[in-house]
Amino acid sequence: MTNREVAIILDRIADILQIKNENPFKIQTYRKAANSIYHLDEDINTLKEANRIKEIPGVGKAVKAKIEEMIEKGRCEYYERLTDEVPAGVLEMLSLPGIGHKTVKTIYEQLGIDNLDDLLQAAEERKIRNLPGMGGKTEYNIKKGMELLRQNGGKVTLGLALPLAENFRDFLLESKAVEKASIVGSIRRGKSLVSDIDILVCSVSYLEVLQKVNSYKGLVKILENDPSCIKGLLTHHIEFEVIIVPPQDYFSSMVWTTGSKAHRQILFEDIRYSPLLEINNENDFYNHLGMDYIPPELRENCGEIELAAAHKLSPLLSIEDIKGDLHIHSNWSDGAHEIKEMAAAAKSLNYSYIAITDHSKSLAISGGLNEERIRTQQLVIDKLNEEEEDFQILRGSEVDILKDGSLDYDDELLKGLDVVIASVHSNFKLDKEKQSERIMQAAKNKHVDIIAHLTGRLLNRRSAYELDLDRILETAAKNNTILEINAHPDRLDIDENIARQAKEMGIKMAVNSDAHHKQDLGLMRYGVTSARRGWLAPEDVVNTWEKEALFNYLRE
DNA sequence: GCCGTTTTCGGCCCGACTGTTTTCAGTCG
């Protein structure tokens, strides 16, 4: 079992206990353990072999026994007993915004509803409003939530699919029969939500590839197969396709299987009149058509083909361009590590600066810092900086934008910070006008440098709030406010379309990890991918800049 | 269920908003 799979089961146990109205602290324990394991640096199987499970923070005797059982037997009896009481379909209802554990419990117990489809039907038939504590709004939340889920049609986030795809690809490459293998399809284009994993395999032996696929531990079942393609299902309910081609077709197939339908149709229409001879990479393919190479993230037929033909595609941001991370939490608020540890992790990525941006006082549950604490934190950072030579920690804050658009600290305090990130963490349901005004007011504050996760969307969980984006972007442009591309794969906020629009308006952006754990610094790559889909160049992104240039910009 | 101790139990988990209520339970960050 992988770390992720163990963490998911512990989290589901917590969900079921919550529905069963168990001791909140017990529930918290399971959540904490799940979170620890999710963020573990080491493989849980290796830890078990070394008898070190107990070292995981938040794991005691009882949880340790369950983890060991999962690793040894691939199952957990306690969890199975719980799922008998509360079926998986009931847990799925929790993904609907505004529908929590108590509501789900009542619906399950009183109406016997144990899946999303029946729930939607009950809402449409107005049966939910008769239940205690529920009304028309609850039914509206259910219908609205189902709309969001259906919209994405069972797609999963890139953050879930990409690591699985990489693992699967690397496994296939172990086979002698597999000469080359690449992730293709929408994952390679870097879409934030994807429907399946596509792997292109170069091989002359279909049977050996099939055998290899069959021995993959993440395989649930093979759905169909023929000599050119193996389709099946992996864990986490993700479908896959392994497309098998001979060596001479490999690179043209990469182009074919990576591009969106619209992109590839145009290219291959051209190829019909201009037969391919020998090509050794994708670059050759595009050159053969008289075009420059088109990066996978752009292959959507959004103007890239014309520009590539005119040799006018500009270079895109790449992960190597990133020189620092401007949105990082420490254990002063809800982060897992000390400032020093986050700095060390950032240095190992060759960053030359980071900003520590813990939450402000209103976000009490996240341990938001009051004025006294943040002032103390600044002194601590100053002290740490004295020991640094080619690295600098910026004194920052992720300050809450309050309901009325004012900020959670006064101007005097904000003035003393190196980086001020402003963001919304409450009152998501204000109307468009009020919500937009609120954010614009923050963007206009001369001490605010960056607006973080502007639209508040959580992929597959919560829609963006109602916003007048045009007016907000105008305000940002006018006030030199930087917009964040939050790299967390559940957010990717702002998205590629807004980023592209912002670039055209001359707005600068920052790609930030929003790390709460040192491992989260690695989420940067998702943000970079999203920025590339928004056609951003290195100069559009302030944390590719040299330290001095960035600091000057922030000071202005 | 975990943790830490003035060590085997008591503390851990805050606060605003929302919707359904008529004083409050549920949700969420």
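Within every chain, numbering begins at 1; the chains are lettered A, B, ... in the order of the sequence lines, protein sequences first and strands thereafter.
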Separation of B/dC17 C1' from A/Lys137 NZ (nearest whole Å): 13 Å
Value in whole Å for how far the C1' atom of B/dG29 lies from CG of A/Asp400: 9 Å
Span that lies between the P atom of B/dT20 and that of B/dA25, in whole angstrom: 16 Å
Per-nucleotide protein contact string for nucleotides 21-27 of chain B, where B marks a base within reach and S marks sugar-phosphate only (heavy atoms under 4.0 Å, - for neither): S----SS
Ring pair (Phe, Tyr, Trp, His ring centres under 6.0 Å) against A/His425, all qualifying residues, sequence neighbours excluded: A/His359, A/His453
Distance in angstrom units between A/Lys403 NZ and B/dC17 C1', rounded: 8 Å
Rounded distance in Å between the P positions of B/dG11 and B/dA16: 24 Å
5' priority, DNA chain B, between A/Leu430 and A/Lys26 [closest heavy atom]: A/Lys26
Rounded distance (Å) that lies between atom P of B/dG29 and atom NE2 of A/His453: 11 Å
Contacts of type side-chain contact (heavy atoms from CB on, under 4.5 Å), residue A/Thr455, not counting sequence neighbours: A/Arg457, A/Ala464, A/Leu467, A/Asp493, A/Ile498
Distance between P atoms of B/dC28 and B/dT23 (Å, rounded): 26 Å
Distance in angstrom units between A/His425 NE2 and B/dC28 P, rounded: 16 Å
Which residues share a ring pair (Phe, Tyr, Trp, His ring centres under 6.0 Å) with A/His447, sequence neighbours left out: none
P atoms of B/dG10 and B/dG15, separation to the nearest Å: 25 Å
Atom pair distance, as rounded to whole Å: CD1 in A/Ile37 and C1' in B/dG1: 14 Å
Interatomic distance at C1', B/dT7 relative to B/dC2, whole Å: 14 Å
With A/Ala422 via side-chain contact (heavy atoms from CB on, under 4.5 Å) - residues at least two apart: A/Val399, A/Ile401, A/Leu407, A/Ala442, A/Val448, A/Ile451
Donor-acceptor side-chain pairing of A/Ser362 and A/Asp400 below 3.5 angstrom: no
Residue whose closest nucleotide on DNA chain B lies nearer the 5' end, A/Gln28 versus A/Asn141: A/Gln28
Steps toward salt bridge (Lys or Arg N to Asp or Glu O under 4.0 Å) verdict (A/Arg500, A/Glu496): CA-CA 6 Å; A/Arg500 197 171 172 185; A/Glu496 61 247 46; over 6 Å; no
Residues forming a side-chain contact (heavy atoms from CB on, under 4.5 Å) with A/Pro87, sequence neighbours excluded: A/Val90, A/Tyr108, A/Asp114
Atom-to-atom span, CG of A/Asp493 to C1' of B/dG29 - whole angstrom: 15 Å
B/dT21 versus B/dG26 - spacing of their P atoms, nearest Å: 12 Å
Of the listed nucleotides B/dG29, B/dT20, B/dG1, the one nearest the side chain of A/Asn23: B/dG1
Separation of atom CZ in A/Phe428 from atom P in B/dG19, rounded to whole Å: 14 Å
Contacts of type side-chain contact (heavy atoms from CB on, under 4.5 Å), residue A/Thr475, not counting sequence neighbours: A/Met440, A/Ala443, A/Lys444, A/Asn479
A/Thr138 vs B/dT20: side-chain N/O to OP1/OP2 distance below 4.0 Å: yes
B/dT8 pairs with, by Watson-Crick or G-U criteria that keep both distances under 3.5 Å: none
Residue list, ring pair (Phe, Tyr, Trp, His ring centres under 6.0 Å) with A/His327, at least two apart or on another chain: A/His329
Contact residues, residues 363-377 of chain A to DNA chain B [heavy atom, < 4.0 Å]: A/Ala364, A/Ile365
Inter-nucleotide C1' distance (B/dT5, B/dC9), Å rounded: 10 Å
Side chain to side chain donor-acceptor pair (under 3.5 Å) assessment of A/Asn21 paired with A/Lys102: CA-CA 8 Å; A/Asn21 221 354; A/Lys102 304 275 175 172; 2.8 Å; yes
Stretch residues 51-80 of chain A: residues that reach within less than 4.0 Å of DNA chain B through a heavy atom: A/Gly58, A/Val59, A/Gly60, A/Lys61, A/Ala62, A/Val63
Beyond-backbone contact of A/Leu119 with A/Leu96, side-chain heavy atoms, under 4.5 angstrom: yes
Separation of the C1' atoms in B/dT8 and B/dG1, to the nearest angstrom: 15 Å
Contacts of A/Phe391 that satisfy ring pair (Phe, Tyr, Trp, His ring centres under 6.0 Å) - sequence neighbours left out: none
Pairs under 3.5 angstrom only: tabulate donor-acceptor contacts from the side chains of residues 121-135 of chain A to other protein residues two or more places apart or in another chain.
unit_1	atom_1	unit_2	atom_2	d
A/Gln121	NE2	A/Glu125	OE2	3.0
A/Glu125	OE1	A/Lys127	NZ	2.8
A/Arg129	NE	A/Glu139	OE1	2.8
A/Arg129	NE	A/Glu139	OE2	3.4
A/Arg129	NH2	A/Glu139	OE1	2.7

Touch class at under 4.0 angstrom, heavy-atom based, for A/Asn427 against every strand present: sugar-phosphate
